Student: 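Have a look at the structure that comes next, please.
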Amino acid sequence: MSVLDVPSGPAPVAPVAGSEGLVALFVRLKLALLRNGLRQSAGRLAAFVVSLVVVVLIAAGQLLGLVLLRGEGRDAATVAVLATGVLALGWAVLPLFFPSGDETLDPSRLVMLPLRPRPLVRALLAASLVGIGPLFALCLLVGSVLAVAHGAGAVVVGVVAVPLALLICVALARSVATANIRLLTSRKGRDLAVLSGLVIAVGMQFVNFGAQRIGAAGGLSALEPAAGVMRWLPAASAIGAVDSASGGAYGEAVAQLLVSVVALAALLWWWRRGLVTLMTAPDGSTVAAAGPSRGKDRAVGRPRLGRLLPEGRTRTVMGRSLRYVLRDPKTKAAWITSLAVGLIVPVFNALQGAGSVWFACFAPMLLGMQMFNQFGQDTSAFWMVAQTISTPRDAYEELRARALALAAVAVPYTVLVAVALAVMLDAWGSLAGVMGVLLALLGAMLGLGAPASAFFPYSIPQEGGFKNVVPGQGGLAVLSSLGGLVGSVVVAAPVIAVTVADSRSVWLMAPAGAVYGVLVAWAGLRLAATRTAARLPEILTAVSKG
């Protein structure tokens, strides 16, 4: 345990260095970590150089764009304030999803050192200013000040605002990472990092929605209310102070600067308190585990849930597949992303008035992709499943149970999305026809996913949050995915054609599409069962490469 607050007594522990020396030491340590990390491999060095060049080019482009906004009045202030607010939000959120990107984000490595909290906070803060991220933030903040600063008073405020906003961003990232470091270094933290793909996908939809709203409003005036609120929130309040000083509202500028100063002081206090707690409080390695009764209770609850599933091998395989969704980080990320995007895309388009009930097709197609590469999802553990498959009948029961596990979620979810769009768009007359197409598409995805799993299996590596295919199997993954998307539309084409051509009997298409989807899925499972039993050694070799 580290000695953070050394109590007064006859034998105090001497600090390892003064405050100034500790700051310089940590900065050199950060540079040494960066240098030694780049020496590990040429690939890592190349990735760093490429990322540095890309970030510098983007930062330079943003700086130039903000400078060109100078003189645009309220539009320039709106963009500058909102950009700073988004920057601060990114610094708060990204450490939760990329904790392994910077080893110095983990202060628990310093537990055994006799360091006091205040000098440690100053040293870590100085070291945090070294890197690509702070350089990008500095360029954006300088460009924001240049876009809104008019007059000597605004320039003086801007000189204070830039380092203040940058320190707020860095302190925010550090305090959030320190408060959650035990989560981030645990299995749940790795799950959270994998789920960052969901945040990116959902965030892109919000960006798209905002861009379309701006275009519909004919300019940036639609964002002025949001900027009016953001200019009083740190770190955007620092840039808002520059804009206020440009307009002669020096009292308002001082108040906004005070908001940023108070926020920085609060973040540093929270960070210091988090360091003290982290380095002095016991964790799971020093506290006895909970009693056995909790585990027994959970063990009792699982069979009750399993009673809802069919008997025999089907229950076992469905339970295993559903547990993968809950426990395996990459499977969980794929499912949650599909569920979120399949709902967000049609709903956002409906809210903008440009939607259609046919946008519900995103739901079955995105979820249906989870049927592809079924054996690759098992990774090297597939050899245990392979021991239970000796005949096409065994393979059929295995694949059928996996398809049923997917359908148990996909069917009600698809119906829910379609009904929600019909309510939002008042398109009840088209609901039955669309429902038939959706169920036919889902059946086609299930029917094609099973043979694709047998013909084009590939391994999913366990390491890396964003590596979903091992080197050398990328072509198989692309062929399986694109072939599944195109093939499902082709297979469901008869139902689509009848629905579009015959509007009088469209109410019959919902049951017809359901029957058609079941038949297509059954045919695909039968074909895949034969091929799976015949190609079991090749499948096992392909999915075990990761």
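The chain is numbered in sequence order, starting from 1. Just so it is clear, the structure is predicted and the values come from calculations on it, not from any experiment.
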Student: Which residue pairs satisfy the salt bridge (Lys or Arg N to Asp or Glu O under 4.0 Å) criterion with at least one member in residues 534-543, sequence neighbours excluded?
Tutor: none
Student: Among all residues two or more places apart in sequence or in another chain, which pass the side-chain hydrogen bond (donor to acceptor under 3.5 Å, both in side chains) test with Thr331?
Tutor: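 Only Asp328 meet the side-chain hydrogen bond (donor to acceptor under 3.5 Å, both in side chains) criterion with Thr331.
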Student: For residues 368-392, which residue pairs qualify under salt bridge (Lys or Arg N to Asp or Glu O under 4.0 Å), counting only residues two or more places apart or in two chains?
Tutor: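 Every salt bridge (Lys or Arg N to Asp or Glu O under 4.0 Å) pair that includes a residue of residues 368-392, provided the two are not neighbours, is Asp378-Arg402.
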Student: Arg313: what forms a side-chain hydrogen bond (donor to acceptor under 3.5 Å, both in side chains) with it, not counting sequence neighbours?
Tutor: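 Per chain and number, Arg313 pairs via side-chain hydrogen bond (donor to acceptor under 3.5 Å, both in side chains) with Thr388, Glu398.
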Student: Of all residues at least two apart in sequence or in a different chain, which pass the ring-ring contact (aromatic ring centres under 6.0 Å, His included) check with Phe382?
Tutor: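 By the ring-ring contact (aromatic ring centres under 6.0 Å, His included) rule, Phe382 matches Phe375.
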Student: Tell me every residue that passes side chain to side chain contact (heavy atoms under 4.5 Å, CB included) with Val55, counting only those two or more places apart in sequence or in another chain.
Tutor: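 Side chain to side chain contact (heavy atoms under 4.5 Å, CB included) check on Val55 returns Ile132, Phe136.
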Student: For Ser390, check side-chain hydrogen bond (donor to acceptor under 3.5 Å, both in side chains) against everything at least two apart and list the hits.
Tutor: Asp394
Student: Would you list the pairs meeting salt bridge (Lys or Arg N to Asp or Glu O under 4.0 Å) in which at least one residue belongs to residues 355-365, sequence neighbours left out?
Tutor: none
Student: Name all pairs fulfilling the salt bridge (Lys or Arg N to Asp or Glu O under 4.0 Å) condition that reach into residues 426-438, sequence neighbours left out, sorted by first residue then second.
Tutor: none
Student: Go through the structure and list residues passing side chain to side chain contact (heavy atoms under 4.5 Å, CB included) with Ala514, not counting sequence neighbours.
Tutor: Leu439
Student: Which residues pass the side chain to side chain contact (heavy atoms under 4.5 Å, CB included) test with Ala83, sequence neighbours left out?
Tutor: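 Partners of Ala83 by the side chain to side chain contact (heavy atoms under 4.5 Å, CB included) criterion, ordered by chain and then number, come out as Leu140.
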Student: With sequence neighbours left out, what residues match Leu431 under side chain to side chain contact (heavy atoms under 4.5 Å, CB included)?
Tutor: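 Listed in chain order: Ala418, Val419, Ala422, Trp428, Met435.
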